[in-house]
Amino acid sequence: MSTFKAPKGTYDLLPPDSAKFLAVREAIAAPLRGSGYGYIETPGFENVELFARGVGESTDIVTKEMYAFETKGGDRLALRPEGTASVLRAALEANLHKTGNLPVKLWYSGSYYRYERPQKGRYRHFSQVGAEAIGAEDPALDAELIILADQAYRSLGLRNFRILLNSLGDKECRPVYREALQTFLRGLDLDEDTLRRAEINPLRVLDDKRESVQKQLGGAPLLRDYLCDACKAYHEEVRELVTAAGVVFEDDPKLVRGLDYYTRTTFEFVHDGLGSQSAVGGGGRYDGLSEMIGGPALPSVGWALGVDRTVLALEAEGVELELPATTSVFAVPLGDEARRVLFAKVTELRKNGVAADFAFGGKGLKAAMKAANRSGARYALVLGERDIEQGVVQLKDMESGEQTAVGMNEIVAELESRLG
Ligand code: HAM
């Protein structure tokens, strides 16, 4: 064992569990690919100012959780704590919004970094699959994203998740609400830190998980009652479209998110089997973000689903993903001559699209058959000296145990037809 361990708050993805992560990423991406979203990849780090301005100077993410550093060249960078600001930065930089084809719909998958206190479901390095639809104000677009996330979770067999939906208003109505909330919060018995937060970012106080705070918030004014007519109508339309799609959600007038760029539609996907880190995904509309980072007005909406937590949610529900064995054929040579002949066959099988593996390391028959078993391969190919003389190879069906001799020149075609 090496003296090095994975850094605190991180973990390694190893086979066979890593296959689950791949399957989850694939399942989340599939509905996006089928709905006009194109794949985007951005760097793992950005100018720190992008997140400060985009995510918000006063958010926990920016003030406490960002891996910010100065490069040898003097650039102030940060490992990305989230994907939205980067994706929008990239879209603006490449002028994707000027092609006349709005919204620009993009999806991504990658690693994100937050210096949080690690616990089950909360890591310092985690993985998201996300989607952003940039440059259109249309309730159907918000609805599309909520429906696609629901579809992704369901395709994985996840059942016990809930969708929480809220509207955070816009630059017309939110300031009015903000003041009303501040006035209310000033009258409460809150500690100094919380009172300070109430002055800088009062909506975040609603999200305070402490019992002592929550019990005082019962009479807090709700944004719902302050929405302007345009926001109200927009939200009602989103609700109707999502409902019409048969997707069930809960109105949560207290839902606020940990990032400052949200306007109007906000939502979170929560799973009740996960304890305190119950949000498996979240998102919403961010109509002002583009201008906040120096771009033109580009109303947009998106979400990111946490891959780590989705895997935990599947485990909590006892869902076994159907992961087909990656190896179809496992070759077992007995002797040097057999190794040369069979290794060539394996290469030929692979060229023909058959997933094949080989008993490396000169194993004896028993150990090699054990390896064949472990590989999950449907068929084993065993080649001994006598088989070589006779120009055949033993084809063993690992399910039925049945073994037949097949001509060396016919074996590739035979396997192709058997594996369909
Ligand atoms: P977020 O709610 O900060 O939103 O993160 C989305 C998801 O990432 C969470 O629901 C959770 O599953 C996962 N996640 C976040 N932090 C951690 C962590 N420390 N450990 C494990 N999983 C974590 C965003 O990031 C927004 N960019 C979403 C968005 C896209 N809004 C609009 N477009």
Side-chain angles (χ1 to χ4, degrees), residues 8-11 13 21 24-25 28 32 37 40 42 46 50-51 54-56 59-62 64-67 79-89 91 103-134 141-142 144-146 148-149 152-153 158 161-164 166 168 204 207 255-271 274-290 298-314:
K8 188 172 169 193
T10 73
Y11 62 100
L13 284 182
F21 281 72
V24 165
R25 290 192 185 114
I28 299 173
L32 297 170
Y37 289 76
I40 181 169
T42 64
E46 296 273 353
L50 173 70
F51 301 117
V55 177
T59 57
D60 281 354
I61 293 180
V62 168
K64 299 183 193 156
E65 298 169 2
M66 211 146 60
Y67 283 90
L79 299 187
R80 57 184 182 190
E82 65 106 41
T84 310
S86 310
V87 167
L88 189 53
R89 191 271 307 143
V104 177
K105 301 209 288 186
L106 301 166
W107 76 273
Y108 52 93
S109 171
S111 292
Y112 297 85
Y113 307 87
R114 294 182 195 177
Y115 190 76
E116 297 200 73
R117 197 167 43 78
Q119 66 179 83
K120 185 163 187 192
R122 189 164 70 195
Y123 310 106
R124 290 180 172 176
H125 163 261
F126 58 96
S127 162
Q128 290 183 341
V129 175
E132 313 292 349
I134 297 165
L141 197 54
D142 308 40
E144 165 174 289
L145 280 160
I146 294 169
L148 291 177
Y153 286 135
L158 207 61
F161 66 91
R162 294 179 291 131
I163 302 175
L164 310 179
N166 193 18
L168 289 181
R204 294 289 304 146
D207 205 26
L255 177 73
V256 287
R257 309 249 313 119
L259 307 96
D260 278 352
Y261 48 61
Y262 291 111
T263 50
R264 292 193 167 172
T265 314
T266 44
F267 46 85
E268 215 154 73
F269 305 92
V270 295
H271 193 278
L274 292 187
S276 64
Q277 302 308 310
S278 61
V280 288
R285 187 155 271 286
Y286 47 96
D287 293 341
L289 179 57
S290 174
L298 282 173
S300 308
V301 57
W303 51 239
L305 310 189
V307 177
D308 311 72
R309 288 187 198 167
T310 301
V311 170
L312 290 174
L314 288 167

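Residues: numbered from 1 along the sequence shown. Start at 1 and go down the list; that is how both ligands and their atoms are numbered. Owing to the predicted nature of the structure, the values given are computational and were not obtained by experimental measurement. Any value given below was found using the heavy atoms of this structure, including those in side chains, with hydrogens, waters and symmetry copies removed.
- Of the candidates E268, R257, R285, E65, R257 brings a heavy atom nearest to atom 1 (P) of ligand 1.
- Taking every non-hydrogen atom of V280 and a distance limit under 4.0 Å, the qualifying atoms of ligand 1 come out as 10 (O), 12 (O).
- Comparing Y261, Y113, Y108, Y123 by heavy-atom distance to atom 26 (C) of ligand 1, the nearest is Y261.
- The shortest side-chain heavy-atom distance between V55 and M66 does not fall under the 4.5 Å cut-off.
- Ligand 1 has no atom lying under 4.0 Å from any heavy atom of G258.
- Side-chain N or O atoms of R309 include none that pairs as donor or acceptor with a backbone N or O of L274 at under 3.5 Å.
- Atom OH of Y67 is surrounded by more than 12 heavy atoms from other residues, nucleotides or ligands within 6.0 Å.
- Not a single heavy atom of Y112 lies less than 4.0 angstrom from ligand 1.
- Partners of Y11 according to the ring pair (Phe, Tyr, Trp, His ring centres under 6.0 Å) rule, which considers only residues two or more places apart in sequence or in another chain, are Y123.
- Scanning the protein heavy atoms around atom 27 (N) of ligand 1, the nearest turns out to be E82 OE1, 2.6 Å.
- Less than 4.0 angstrom separates some heavy atom of A304 from each of these atoms of ligand 1: 6 (C), 7 (C), 28 (C), 29 (C), 30 (C).
- At the shortest separation from atom 8 (O) of ligand 1 among protein heavy atoms lies Q128 NE2, 3.1 Å.
- For ligand 1, the atoms sitting less than 4.0 Å from at least one non-hydrogen atom of L259 are 3 (O), 4 (O), numbered in the order shown with element in parentheses.
- The backbone N or O of P81 lies less than 3.5 Å from a partner atom in the side chain of R114, making a donor-acceptor pair.
- Atoms of ligand 1 found under 4.0 Å from any heavy atom of E132 (numbered from 1 in listed order, with element): 30 (C), 32 (C), 33 (N).
- Side-chain N or O atoms of T263 include one that pairs as donor or acceptor with a backbone N or O of D287 at under 3.5 Å.
- Compare G121, G284, G306 by their heavy atoms: the one nearest to atom 21 (C) of ligand 1 is in G121.
- For Y37, the ring pair (Phe, Tyr, Trp, His ring centres under 6.0 Å) criterion is met by no residue, not counting sequence neighbours.
- Among Y262, Y115, F269, F126, the residue whose heavy atom lies nearest to atom 14 (N) of ligand 1 is F126.
- The shortest non-hydrogen separation linking A279 to V270 is CA-CG1, 4.2 Å.
- The parts of R122 lying near ligand 1 are both backbone and side chain, judged by heavy-atom distances below 4.0 Å.
- The nearest protein atom to atom 32 (C) of ligand 1, hydrogens excluded, is given as G302 O, 3.2 Å; this is a heavy-atom distance.
- Taking every heavy atom of G282 and a limit of under 4.0 angstrom, the matching atoms of ligand 1 come to 10 (O), 28 (C), 29 (C).
- Using modelled atom types and a 3.5 Å distance limit, the side chains of Y286 and T84 yield no donor-acceptor pair.
- Closest to atom 9 (C) of ligand 1 among all protein heavy atoms lies A279 O, 4.0 Å.
- The side-chain heavy atoms of T266 and V256, taken from C-beta on, include no pair separated by under 4.5 Å.
- Ligand 1 places these atoms under 4.0 Å from at least one heavy atom of G281: 10 (O), 12 (O).
- A distance of 10.5 Å separates CZ of R117 from NZ of K64, quoted to the nearest 0.5 Å.
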